[in-house]
Every structure is written in C-alpha cells, then in structure tokens.
Amino acid sequence: MAITAKDIASIFTGMDLGAEKIAENFNKLLEENIGQDNQLDTLNNKTLKIGNFIGNDNPNIDNLEPGIYPFGFWQDKPISTNETSWPKHIRGGAEWGWIVQYGGKNQAKAQFIFGSGAVLCYRAWAGNRWDNWALLNLTLEQ
C-alpha cells in the first residue's frame with residue numbers, strides 16, 4: 001500500500017489540540033504502514049521528530065533538535081521584541097505556524113519558518129553561529 005498525500009496530511013489533523021495529537025497521528029501512520037513496501041523502514045521518531053509546541057513560555061529557537069515544531073504567539077502574548085532567535089520581521093507581533101529544522105548538534109543545520117501570515121523565513125548555522133534570517137517575500141494570490 002503506497003502512502004498518499006492524504007495520509008501525510010492526516011498527521012496534522014487535530015493540530016489545534018497540540019503537538020501531542022500530531023505525534024499520536026504520526027505514530028498511528030507509522031504503525032499502519034511500517035514495513036509495507038519498505039516505505040517507512042527508516043522513517044521513525046528518531047529521524048523525524050514532532051517537537052513540542054513553541055510559545056510565549058519557551059520562545060528561544062536557537063537550540064532545537066531536528067524536527068517539526070508547531071508555534072503560536074497571539075496578540076495578548078506576542079513574540080518578544082527582545083527574543084533575538086526570531087526574525088525581526090515578526091518580533092513584537094502575533095504569528096503561528098511551523099518551524100522545520102534540519103541538522104542538530106555538531107552538524108550543519110538550517111531552520112525554516114512557515115507562518116500563517118504568508119511568512120517564510122530561512123537561516124543556516126554557519127561555523128559557530130546562526131546567520132541572519134532571510135525573509136522570502138511572498139505575493140498573495142488574488
């Protein structure tokens with residue numbers, strides 16, 4: 001049985017219930033498909049981590065492990081303007097979406113932010129520090 005885009009999308013069903021629900025859906029998909037056509041033999045919780053929700057209580061994203069992290073900052077608790085791990089463009093405001101990080105400790109690594117407000121940002125670990133954020137300008141379809 002081949003895994004479809006619908007199967008992958010099912011991982012994020014109930015996303016508003018938090019990271020635990022996403023992890024539960026991911027594990028269910030793994031259980032249903034592991035070993036079938038060797039599709040998911042190497043894909044497991046060690047290679048694709050569904051991380052904890054990032055919000056006002058834990059806003060620093062400089063030291064994440066590889067994985068996908070949902071995040072959310074609302075009008076009453078925006079991203080702090082002093083939180084330098086976030087792009088300047090979205091500090092001090094409300095935003096929610098996902099952070100994807102490739103690579104971890106002692107590796108080359110990169111982070112992508114996919115925000116609900118048509119925000120797409122990227123940065124890479126260069127040497128011993130994070131590069132500045134690159135903000136990709138998007139044009140909304142009319």
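Note that the numbering runs from 1 along the sequence shown for the chain. It should be emphasised that the depicted structure is a prediction, and the values quoted were computed from it without experimental measurement.
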Rounded to the nearest 0.5 Å, what separation is found between the [atom1] atom of [X] and the [atom2] atom of [Y]?
X: Lys88; Y: Asn132; atom1: NZ; atom2: CG; answer: 6.5 Å
X: Asn60; Y: Thr84; atom1: CG; atom2: OG1; answer: 7.0 Å
X: Ile54; Y: Ile99; atom1: CD1; atom2: CD1; answer: 4.0 Å
X: Thr81; Y: Trp86; atom1: OG1; atom2: CH2; answer: 14.5 Å

### Those residues that, when tested against Asn56, pass side chain to side chain donor-acceptor pair (under 3.5 Å) (two or more places apart)
none
### Summary
Sorted by chain and number, sequence neighbours left out, side chain to side chain donor-acceptor pair (under 3.5 Å) with Gln111 holds for Gln101, Arg123
### Query
Are any side-chain N or O atoms of Asn58 and backbone N or O atoms of Phe53, one a donor and one an acceptor, separated by less than 3.5 Å?
yes
### Query
Would you find a donor on one side and an acceptor on the other, under 3.5 Å apart, between the side chain of Trp130 and the backbone of Asp62?
yes
What pairs with [X] under side chain to side chain contact (heavy atoms under 4.5 Å, CB included), at least two apart in sequence or on another chain?
X: Leu120; answer: Phe114, Leu136, Leu138
X: Ala110; answer: Phe112, Tyr122
X: Pro78; answer: none

### Task
Walk me through it: do Ile90 and Trp133 pass the test side chain to side chain contact (heavy atoms under 4.5 Å, CB included)?
CA-CA 11 Å; Ile90 59 177; Trp133 282 101; over 6 Å; no
### Task
Give a yes or no on whether Ile61 and Trp96 share a hydrophobic cluster (residues Ile, Leu, Val, Met, Phe, Trp, Tyr; joining criterion: side-chain heavy atoms under 4.5 Å apart).
no
### Query
Ile113 versus Pro87: any side-chain heavy-atom pair under 4.5 Å?
yes
### Query
Does a side-chain heavy-atom distance below 4.5 Å link Gln107 with Tyr102?
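No, too far: nothing below the 4.5 Å cut-off.
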Counting only pairs under 3.5 Å, give me each side-chain donor-acceptor contact of residues 69-77, with atom names and distances, residues two or more places apart or in other chains.
from, atom 1, to, atom 2, distance (Å)
Tyr69, OH, Glu65, N, 3.2
Tyr69, OH, Glu65, O, 2.8

### Task
Tell me, yes or no, whether the heavy-atom count around Asn63 atom CG, taken from other residues, nucleotides or ligands under 6.0 Å, exceeds 12.
no
### Task
Scan residues 90-99 for pairs that pass salt bridge (Lys or Arg N to Asp or Glu O under 4.0 Å), counting only residues two or more places apart or in two chains.
none
